[in-house]
Structures are given as structure tokens and as C-alpha cells.
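Please read these numbers as outputs of a predicted model, since none were measured by experiment.
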Amino acid sequence: MKSTETPFVGGPLDGRALPVMLTPFHNVPKVYRVPVPAYHDTPAVTLVYRRAKEYDTKGRWRWRYEYDAGA
């Protein structure tokens, strides 16, 4: 399967670009969930990122993920 380096904005993954597997239509999924296991007294959580468009200076766009704190 193909993947693409996709930037993450907000939350614990802010500023990182991770390889995300593409759908059969060559898009990244609308929602990206990152499970975080429990550690000492901290319970296990799932970080939720939602797909959004990112524009460059020439008006071209690509996908990025934005942190959804309410999920």
C-alpha cells in the first residue's frame, strides 16, 4: 500500500509529519486515531486528528491533520 508524509497540527503530535496509509482513492483518511497506552497513573487515551486542507503561497493545497480536542 502507498503512504504519504502528512503534517500534524496541534496536540501532542504538533509539528511532526508521519507516514499515513492512503485509501484506495489515494486520499488520507478523514479521521486519524492514535491510541496512547496507559502509563503509570495516566489512563489510556486515543488522540483524534481530523483531515484539513493546507494551502501554500501559490494557492496549491495538500492534506494535513488538525487535533480535535473535543473528541
Side-chain angles (χ1 to χ4, degrees):
M1 291 187 80
K2 291 187 176 187
S3 65
T4 184
E5 290 287 322
T6 307
F8 286 77
V9 177
L13 297 178
D14 188 34
R16 295 184 186 196
L18 300 175
V20 175
M21 299 301 265
L22 298 176
T23 66
F25 299 107
H26 300 285
N27 286 326
V28 294
K30 291 181 181 181
V31 177
Y32 190 78
R33 290 180 172 83
V34 181
V36 179
Y39 183 74
H40 293 292
D41 295 336
T42 307
V45 296
T46 300
L47 305 175
V48 178
Y49 285 85
R50 301 211 181 268
R51 183 176 72 183
K53 285 185 180 179
E54 177 180 56
Y55 293 93
D56 65 6
T57 56
K58 296 182 180 179
R60 295 176 299 199
W61 62 271
R62 65 180 186 151
W63 295 117
R64 72 176 186 188
Y65 282 109
E66 295 178 350
Y67 182 63
D68 185 0

Visitor: I'd like to know if the side chain of R51 and the backbone of V28 have a donor-acceptor N/O pair within less than 3.5 Å.
Guide: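 It does hold such a pair.
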Visitor: Side-chain heavy atoms nearer than 4.5 Å, only ILVMFWY residues, links allowed to pass through others: does that put W61 and L22 together?
Guide: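 Yes, one cluster joins them.
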Visitor: So, R50 and E66, do they make that salt bridge, N to O below 4.0 Å?
Guide: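 Salt bridge flag = no for E66 with R50.
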Visitor: State, to 0.1 Å, how close E5 and R62 come at their nearest heavy-atom pair, and which atoms those are.
Guide: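 Closest pair (atom of E5, atom of R62, distance): O-NH1, 4.4 Å.
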Visitor: Please check if L18 and V45 belong to a single hydrophobic cluster, counting links between Ile, Leu, Val, Met, Phe, Trp and Tyr side chain heavy atoms closer than 4.5 Å.
Guide: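 Linked within one cluster.
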Visitor: Should F8 and V48 be regarded as members of a common hydrophobic cluster, given that ILVMFWY residues are connected when their side-chain heavy atoms come within less than 4.5 Å of each other, either directly or indirectly?
Guide: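 Result: no, two separate clusters.
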Visitor: Using the rule that Ile, Leu, Val, Met, Phe, Trp and Tyr join whenever any side-chain heavy atoms are under 4.5 Å apart, tell me whether V36 and V20 fall into a single cluster.
Guide: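 Result: yes, single cluster for both.
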Visitor: More than 12 heavy atoms of other residues, nucleotides or ligands under 6.0 Å from NZ of K2: is that the case?
Guide: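 Not more than 12 within 6.0 Å, no.
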Visitor: Compare every heavy atom of L47 with every heavy atom of P12, then report the nearest pair and how far apart it is.
Guide: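 Nearest pair, atom of P12 first, then L47: CG-CD1, 3.8 Å.
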Visitor: With respect to Y32, which candidate in Y65, Y49, Y67, W63 satisfies the ring pair (Phe, Tyr, Trp, His ring centres under 6.0 Å) definition?
Guide: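 With Y32 as partner, ring pair (Phe, Tyr, Trp, His ring centres under 6.0 Å) holds for just one option, Y65.
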Visitor: If I take atom OH from residue Y39 and atom CG from residue D41, how far apart are they, to the nearest 0.5 angstrom?
Guide: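 So the gap between those two atoms works out to 10.5 Å.
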